[in-house]
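Residue numbers start from 1 in every chain, and the chains themselves are labelled A, B, ... in the order their sequence lines are given, proteins ahead of strands. Because the structure is predicted, anything quoted here is derived from the model rather than measured. When reading the values below, keep in mind they use all heavy atoms of this one structure, side chains included, and skip hydrogens, waters and symmetry mates.
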Amino acid sequence: MSSIAVIDYGMGNLRSVSKAIEHVAPGAQVRVTDDPAVVRDADRVVFPGQGAMPDCMRELRGRGLYEAVIDAARDKPFLGICIGLQMLFERSEEGDTPGLNILPGRVRRFAHQLVGGNGQKLKVPHMGWNEVEQRVEHPLWSGIAQNSRFYFVHSYYPEPGIPGLTAGISRYPAEFACAAARENLFAVQFHPEKSAAAGLRLLANFATWVPVERNLRNAA
Amino acid sequence: MGLAKRIIPCLDVTAGRVVKGVNFVGLRDAGDPVEIARRYDDQGADELTFLDITASSDDRDLILHIIENVAAQVFIPFTVGGGVRSVNDVRRLLNAGADKVSINTAAVQNPQLVADASGRYGAQCIVVAIDAKRVPGTDELGWEVYTHGGRKATGLDALEWGSRMQGLGAGEILLTSMDRDGTRAGFDIELTRAFSDMLEIPVIASGGVGNLEHLAEGVLQGRADAVLAASIFHYGEYTVRQAKEHMAGKGIEVRL
């Protein structure tokens, strides 16, 4: 049986993430945890996130999770969600905070006074259901239609340092990377746990994903 | 194509059940919250809002069980409001599985609560609900904030209040017109538009929806980012899907 650790660093709603995974992968052992040992033992790791980046980084360090997260991102199937995507990059404009530096690139804020194509003001946070254009073929996109809508809520977005990282984009109104993929790592700006059928499919895909690019210690 | 306008059915909950009534009078049992939430999810609702109208604190904890059950079975965002007074209330609702918490009266009594909750859990999960009523007898349009379910005038100018709440860390404003609520005469478009044009955060229009065209007006004329309605969906008059099809027919981007 596959064990999935959902990392708990004390911020926001992890229950909906664990519930959604339990819903699509009833055979998996899902544990919401802030214990680095549990993260290290898990076959798969989900790094969800809500809240502000400086607080999240502080909590990660305070709970001794920093190294465990970096190790997990290196060698086992790893899914980052929202702040869990943003924290993988070098740096965020939010509080000018250094990230985990696992992926090259930075996290930027949507501009103030955004205007859409019809001249209507666009609000920040970018909140609601937007289309996701898949830019690569990937097992986590399997069975999900191109341009399916996912639920977003965020004011910051990633700007990958190398274009090859971008697995999907969305537009608000300019194009931004909303999914990044590399080897055993997949991370999304939207919330699959709140994105109805498309989101559940992505989580189900993650629960059975066996990355092939590298020798992975724990791909179960 | 881009971000879709949201349609949000609102459910009143007390003693563990969804109820419906007019102005808290003649409440009738309308069913199991999880069942109703699933039905709206199936119809394509973009979010759900649960309003805890429980009067006694004994029954209040029931909402936590409901939230847990909804979170385990319905995978779209949902907001819970009603009786939220402290950061600890916010924490309990989020831990039970709510995605956002709506704060109304307590924000007026203690504006710092909005700042504290937003600082702790992020602006994305803090909705400030504003019940606004037109100030009669002035040349200029003005609205006043009411609290305690619309029973108590505060003397606060609604637009100034909305701006202040945005500054303190609200992620979204749920804006209800007291003048229109329950009338089925449509949104207060001037109110909705004044808020939408002024604020940088999203505005949910509420109060007065009687037909599908009202929903479209809220977006096209009121420039709302989302529209909330209760009775037109509860009584089975319209499904959420019909509402979306109507809005799409008016050129509004929706998730179908």
Side-chain angles (χ1 to χ4, degrees), chain A residues 10-20 22-24 32 49-53 55-56 82-83 110 112-114 116-118 120-131 133 147-155 170-175 191-200 203, chain B residues 1-8 41-42 44-47 67-78 91 93-101 118-125 127 166 169 171-173 196-204 219-220 223-226 251 253-256:
Chain A
M11 308 288 296
N13 174 27
L14 306 167
R15 191 181 185 91
S16 50
V17 175
S18 62
K19 286 289 166 197
E22 283 164 9
H23 187 80
V24 296
V32 176
Q50 279 194 344
M53 179 103 166
D55 296 336
C56 292
C82 195
I83 290 278
F110 284 115
H112 294 272
Q113 315 285 331
L114 283 179
N118 54 1
Q120 192 172 342
K121 185 161 76 169
L122 297 180
K123 305 300 182 70
V124 179
H126 170 227
M127 186 184 287
W129 298 78
N130 206 336
E131 292 174 324
E133 187 182 318
N147 298 319
S148 290
R149 286 187 188 275
F150 288 83
Y151 186 80
F152 288 82
V153 51
H154 61 123
S155 300
S170 195
R171 295 180 175 87
Y172 196 64
E175 185 178 307
H191 289 269
E193 76 281 9
K194 288 291 158 184
S195 295
L200 292 176
L203 292 174
Chain B
M1 300 298 272
L3 186 66
K5 298 294 181 181
R6 290 170 281 155
I7 296 189
I8 307 174
D41 177 21
D42 287 343
D46 296 310
E47 294 188 29
I67 294 167
E68 285 172 11
N69 288 334
V70 171
Q73 296 178 56
V74 179
F75 301 100
I76 58 174
F78 66 96
R91 184 186 63 82
L93 293 169
L94 293 177
N95 282 350
D99 299 287
K100 308 180 197 178
V101 171
S118 178
R120 183 75 185 85
Y121 298 108
Q124 84 289 335
C125 67
V127 181
Q166 172 175 282
E172 192 170 35
I173 298 290
S196 297
D197 286 352
M198 178 186 67
L199 295 180
E200 199 190 345
I201 56 177
V203 173
I204 306 166
V219 170
L220 294 174
R223 296 181 180 161
D225 301 284
E253 187 155 2
V254 291
R255 177 179 73 110
L256 279 171

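- Two residues are said to be in side-chain contact when any heavy atoms from C-beta on lie closer than 4.5 Å; A/M127 and B/K100 meet this criterion.
- B/V203 places a side-chain heavy atom less than 4.5 Å from the side chain of A/K123.
- The minimum heavy-atom distance linking B/A72 with A/H23 is given by the pair O-ND1, 4.0 Å.
- Your options are A/N130, A/V153, A/L114, and the one with the most heavy-atom pairs under 4.5 Å with chain B is A/N130.
- Counting heavy atoms from C-beta outward, B/E68 and A/R15 have side chains that approach closer than 4.5 Å.
- Taking each heavy atom of A/S16 and B/D99 in turn, the nearest pair found is OG-OD1, 3.9 Å.
- Residues satisfying the salt bridge (Lys or Arg N to Asp or Glu O under 4.0 Å) criterion with B/E253, sequence neighbours excluded, are A/R149.
- When all heavy atoms are compared, the tightest approach of B/P202 to A/P125 is CG-O, 3.8 Å.
- Of the atoms belonging to B/R6, it is side-chain heavy atoms, and not backbone ones, that fall under 4.5 Å from chain A.
- Of the atoms belonging to B/D225, it is side-chain heavy atoms, and not backbone ones, that fall under 4.5 Å from chain A.
- With sequence neighbours excluded, the residues forming a side-chain contact (heavy atoms from CB on, under 4.5 Å) with B/E200 are A/R109, A/H112, A/V124, B/Q166, listed by chain and number.
- The closest side-chain heavy-atom distance from A/Y172 to B/L3 is below 4.5 Å.
- Side chain of A/K194 to backbone of B/E47: no donor-acceptor contact under 3.5 angstrom is found.
- When heavy atoms are compared at a cutoff of 4.5 Å, B/S196 approaches chain A by way of both its backbone and its side chain.
- Between A/A196 and B/R255 the shortest heavy-atom distance is CB-NH1, 4.1 Å.
- Contact tally against chain B (heavy-atom pairs below 4.5 Å) for A/P173, A/A20, A/P192, A/S155: the top residue is A/A20.
- Chain A forms more heavy-atom pairs under 4.5 Å with one residue of B/G2, B/C125, B/A226 than with any other, namely B/G2.
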